[in-house]
Visitor: 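This is the structure, below, for whatever I ask next.
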Amino acid sequence: MEIPKTYEPREVEERWSSYWETKGFFLPENTSDAKAPVFSMVIPPPNVTGYLHMGHALNHTLQDVLARWRRMSGDRVLWLPGTDHAGIATQMVVERQLQQEGVSRLDLGREKFVERIWEWKEHSGGTIQKQMRVLGESVDWSRERFTMDDGLSHAVKEVFVRLYDDGLIYRGEYMINWSPGLQTAISDLEVEMKTIKGKLYHIAYPIGHRVNSPVEGLAEAYQAANDGEQKSGLLKTPGGDFIVVATTRPETMLGDTAIAFNPEDAGAAGRYQGMISRSAILPLVDREIPFIQDEIVEKDFGTGFVKVTPAHDPNDFAMGKRHNLEFIQVIGKDAKMTDLAPEKYRGLDRYEARKQVVADLEALGLMLRIEDYTHNVGHCQRSGAVVEPLLSTQWFMKMKELAEPALEAVRDGRTKFVPESISKIYSNWLENIQDWCVSRQLWWGHRIPAWYTPEGKAIVARDEKEARERLVAAGLDPNTELTQDQDVLDTWFSSALWPFSTLGWPDQTEDLKKFYPTSVLVTAFDIIFFWVARMMMMGLKFMGDVPFRTVYINALVLDPEGQKMSKTKGNVVDPLEVFNKYGTDAARYMLTAASTTGLTLTPQESKLESARNFANKIWNAARFVLLNCDEVLQSREPLDWETEIAPPELADLWILSRFNRVALDVHSALGEFRFHETAGILYHFFWDDFCDWYLELSKPFVTAKESTPQNLAVKRRLIYVLERSLRLLHPIMPFITEEIWQKLPHKGESICLAEFVPHNSAQLDGRAEREMNLVIELITKIRNIRGTFNIAPSVPLKAQIVPADDGVREVIIKMQDHIKRLARVGEIEIIDKIVERHGSAHSVISGAEIVVSLEGLIDFDKERARLEKEVAKLGSERESLEKRLSNQDFVSRAAADVVTASRDRSAELLDQIEKLGAMIKAL
RNA sequence: AGGCACGUAUGUCAAUGGUAGACAGCCACCCUUACAAGGUGGAAGUUGUGGGUUCGAGCCCCACCGUGCCUACCA
């Protein structure tokens with residue numbers, strides 16, 4: 001048999017991923033037991049324009065680990081894949097394409113444009129799906145969904161209509177976030193606040209008089225008025241009174257319809273007593289605007305006067321509503337000044353207008369001060385443009401009523417977050433939730449199912465036919481002309497339905513009954529609000545139950561320097577490159593092992609190397625077995641542990657016990673999403689226990705030329721443990737385990753469907769573990785001596801061992817051949833008492849004393865130092881134990897088993913210290 | 001501004017209130033018949049600082065210093 005010395009992942013991976021998919025192993029129907037428990041997950045649908053990034057790689061790996069583990073544990077597993085239509089992103093991609101052809105989407109028209117997008121999707125859209133296939137993710141491709149599919153679109157309409165009928169969706173003119181870059185409204189969540197260095201402009205507004213020619217000296221007067229303790233924004237001059245307001249956006253003053261100040265300033269002792277009865281004349285516009293009092297204005301900020309632009313600022317909008325102000329929209333959707341602005345400014349871009357307004361105010365002497373000012377400005381997440389708060393008619397979803405059940409479901413534990421601390425963040429957001437603007441001025445997406453009569457009355461219905469029926473019901477002419485709303489819904493609207501729309505809702509399908517609620521959602525932290533919370537609300541509203549029992553939040557993947565990855569920083573790591581370089585299994589292992597309790601994950605080259613080495617270790621352990629166990633491997637039937645030819649020996653009982661403990665631990669760790677621990681347990685079991693000890697112990701029998709019954713039994717058990725270990729490793733490292741498993745005696749078509757090893761408590765063997773630990777410790781101590789004195793491995797040593805009791809004696813006799821070989825000792829003598837001390841090195845373990853003859857090799861200073869160091873180490877441990885034990889409070893208050901353990905340990909330490917002391921003395 | 005995390009070996013991270021571990025790196029010796037992507041042994045820590053609770057604190061509480069994230073927004 002030819003087997004390469006190092007594991008070559010690439011060739012292996014290609015073979016198995018296509019095999020798995022062709023065979024349909026990942027369909028839940030594949031589970032033979034129709035009554036088996038169900039385990040279901042929906043994938044967080046990636047953006048259809050996207051390609052796999054490290055975050056997906058982590059997210060998908062963890063889901064795959066869970067899916068494979070549950071599948072092997074006998075569950076009917078559904079892991080449903082799909083993508084979302086990413087309205088804005090996708091439209092942008094195709095628009096950019098058109099731009100290169102010199103065509104705009106408007107030239108093409110809506111229908112043709114949407115056709116183009118579908119074409120694009122068919123040809124270029126499936127990148128992530130292809131990547132997922134390469135990675136062998138165990139999703140059910142037969143159930144793949146896309147948010148723009150007929151079924152899911154149907155669900156979207158149904159939800160919209162029902163929410164509307166329930167009064168939870170409404171249309172109205174409100175202040176929304178307008179993205180001038182994208183020419184659409186966006187939701188609050190899509191606005192990203194960035195700190196910007198801007199200016200704060202202090203502007204004087206005249207009270208009760210017009211300013212037609214430049215005013216002198218106002219800036220100085222303003223300076224003087226604010227020099228002292230008492231600051232004031234009211235300037236009295238021979239030419240008349242002025243008030244001063246400050247703004248970061250001077251161009252909006254053209255739309256001012258009031259000046260506001262805090263009611264306390266208006267009171268008897270207030271600075272601005274009496275102002276309420278006066279009015280200002282808006283410079284450059286000459287509009288007379290009133291003063292209003294409003295709590296929202298802070299007295300201590302600036303002058304205490306605030307200009308109010310109800311059509312261009314969310315706070316001002318609220319004040320406008322409260323005080324019945326005029327809403328004058330001076331900036332349009334194209335971010336240019338409208339016809340409602342004075343003629344001079346019309347058509348100017350908002351920033352051009354700002355310059356002009358500033359210049360004009362300066363010319364009039366009304367610009368009193370311009371200071372540097374750092375503040376936060378909303379930017380459109382997608383286009384980067386500065387968001388314009390605009391008054392606009394849009395569709396909204398009422399959230400308060402929907403949020404309450406979603407809060408309750410987490411409070412009462414119907415849905416659990418892992419880690420638990422996430423639930424606080426979730427609740428906090430839901431408790432302060434605002435209504436959701438769901439309409440988007442795009443062409444790609446679910447068109448809003450609303451029709452308008454020529455008079456502008458909106459009829460919400462599933463289709464035009466139903467809209468006409470509803471016309472009749474409303475007593476209107478069914479033949480009246482109807483035009484459908486031009487807008488589409490936010491992509492997240494359809495994503496919010498994902499856990500049930502993908503399963504066939506609103507039809508009561510078998511899948512829906514079987515797989516809803518889903519068992520687990522694995523997702524990233526940053527879409528808790530965008531997605532998780534909204535799914536909770538929609539699931540509870542339309543399915544009457546939570547969409548998932550557990551939400552596991554995976555870590556945020558940082559770059560190797562610990563920085564957040566971003567395209568602008570240019571530090572994005574392509575997971576496919578990493579997976580290619582180190583192998584998919586190694587990369588998966590690294591990601592799993594790095595999934596600790598923290599919220600971030602910093603992949604490191606060294607961790608990947610270590611993971612690759614682990615894969616190679618597995619490969620070579622298997623290589624050893626495959627190259628040496630021919631006669632057993634010829635049998636294709638799985639092997640039994642019990643074999644009549646030779647009874648299990650200590651090492652066998654030990655590894656079996658260890659294996660069962662590990663199987664048990666892995667089960668419970670995965671059950672609680674402790675991925676890091678799972679990876680660690682398996683690593684140490686396979687490398688330390690299986691390779692370093694069990695496999696090493698087996699060597700004399702396995703490599704022996706003659707096949708005695710004992711040799712055969714050892715080989716059989718070796719293969720037995722290896723095959724089962726592969727099963728435990730499979731969820732994390734699917735490819736290498738499949739590759740090897742297929743070469744071993746096994747049952748079934750694939751390790752994917754092999755049983756995930758029932759742990760057998762009866763095979764836990766504390767005695768075997770204790771005895772084997774003694775052997776391991778003994779060998780380690782002798783190796784330690786060899787290392788200290790730099791004795792080459794080729795030089796055989798002579799060891800004497802003093803067992804503490806007959807049990808130990810028996811173990812040493814039983815294992816002496818192994819001990820000799822692994823410690824490279826030529827001769828072992830079991831003695832009752834140490835006689836020859838001079839010229840030997842000594843060691844003490846729990847249960848035995850060891851003497852290694854080093855005639856001519858020993859360095860007494862080194863030996864003394866070594867023993868004294870050991871004494872010091874044990875001594876300090878004993879000291880602290882004794883200190884504790886002499887404390888009456890400890891003895892009386894600490895748990896009994898802790899006290900007992902401390903006493904035992906202390907006695908043990910004393911024994912060893914005394915023995916070591918005697919050894920030093922005798923040197 | 002408010003909220004939430006986090007500060008542990010050189011790096012990245014672990015550790016139900018019971019004397020701190022892993023991986024990588026480092027030092028020494030070894031190509032010992034699966035693997036040098038390996039083997040054997042070793043060195044490395046006042047757990048950010050200062051208090052408190054407790055028989056006992058890396059872990060719980062308070063304050064401070066430092067770092068990160070989220071939410072909101074101040075004109």
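A, B, ... follow the sequence lines: proteins, then strands. Residue 1 opens every chain.
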Visitor: Which protein N or O atoms sit under 3.5 Å from an N or O of nucleotides 29-34 of chain B?
Guide:
unit_1: B/A34; atom_1: OP1; unit_2: A/Lys699; atom_2: NZ; d: 3.3
unit_1: B/A34; atom_1: O3'; unit_2: A/Arg623; atom_2: NH1; d: 3.0
unit_1: B/A34; atom_1: O2'; unit_2: A/Asn620; atom_2: OD1; d: 2.5
unit_1: B/A34; atom_1: O2'; unit_2: A/Arg623; atom_2: NH1; d: 2.7
unit_1: B/A34; atom_1: N7; unit_2: A/Lys699; atom_2: NZ; d: 3.2
unit_1: B/A34; atom_1: N6; unit_2: A/Glu696; atom_2: OE2; d: 3.0
unit_1: B/A34; atom_1: N3; unit_2: A/Asn620; atom_2: O; d: 3.1
unit_1: B/A34; atom_1: N3; unit_2: A/Ala621; atom_2: N; d: 3.3

Visitor: A/Tyr589 pairs by ring-ring contact (aromatic ring centres under 6.0 Å, His included) with which of A/Phe614, A/Tyr582, A/Phe579?
Guide: A/Phe614

Visitor: It should be established whether A/Thr596 places a side-chain nitrogen or oxygen under 4.0 Å from OP1 or OP2 of nucleotide B/A14.
Guide: yes

Visitor: Can you give me the dot-bracket string for RNA chain B, 5' to 3', counting Watson-Crick and G-U wobble pairs with both distances under 3.5 Å, using [ ] for crossing pairs and | for partners on another strand?
Guide: (((((((..((((....[..)))).(((((.......))))).....(((((..]....))))))))))))....

Visitor: Taking only residues two or more places apart in sequence or in another chain, which ones pass salt bridge (charged side-chain N to carboxylate O under 4.0 Å, His left out) with A/Glu609?
Guide: none

Visitor: Under the salt bridge (Lys or Arg N to Asp or Glu O under 4.0 Å) rule, what pairs show up with a residue in residues 779-794 of chain A, not counting sequence neighbours?
Guide: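 Residue pairs with at least one partner in residues 779-794 of chain A: A/Lys781-A/Glu870.
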
Visitor: For A/Trp741, give me all partners under side-chain hydrogen bond (donor to acceptor under 3.5 Å, both in side chains), at least two apart in sequence or on another chain.
Guide: A/Glu723

Visitor: For A/Asn628 and A/Leu718, what are the C-alpha separation, side-chain angles and deciding distance, and is it a side chain to side chain contact (heavy atoms under 4.5 Å, CB included)?
Guide: CA-CA 11 Å; A/Asn628 289 293; A/Leu718 189 60; over 6 Å; no

Visitor: What nucleotide among B/A43, B/C23, B/G11 has an atom nearest to a side-chain atom of A/Lys869?
Guide: B/A43

Visitor: So, using side chain to side chain contact (heavy atoms under 4.5 Å, CB included) as the criterion, who are the partners of A/His676 when residues are at least two apart?
Guide: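 Partners of A/His676 by the side chain to side chain contact (heavy atoms under 4.5 Å, CB included) criterion, ordered by chain and then number, come out as A/Thr596.
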
Visitor: Looking at the side chain of A/His676, which of B/G18, B/A14, B/A72 is the nearest nucleotide?
Guide: B/A14

Visitor: If the cut-off is 4.0 Å, is A/Asn784 near the phosphate of B/G42, judged by side-chain N/O to OP1 or OP2?
Guide: yes

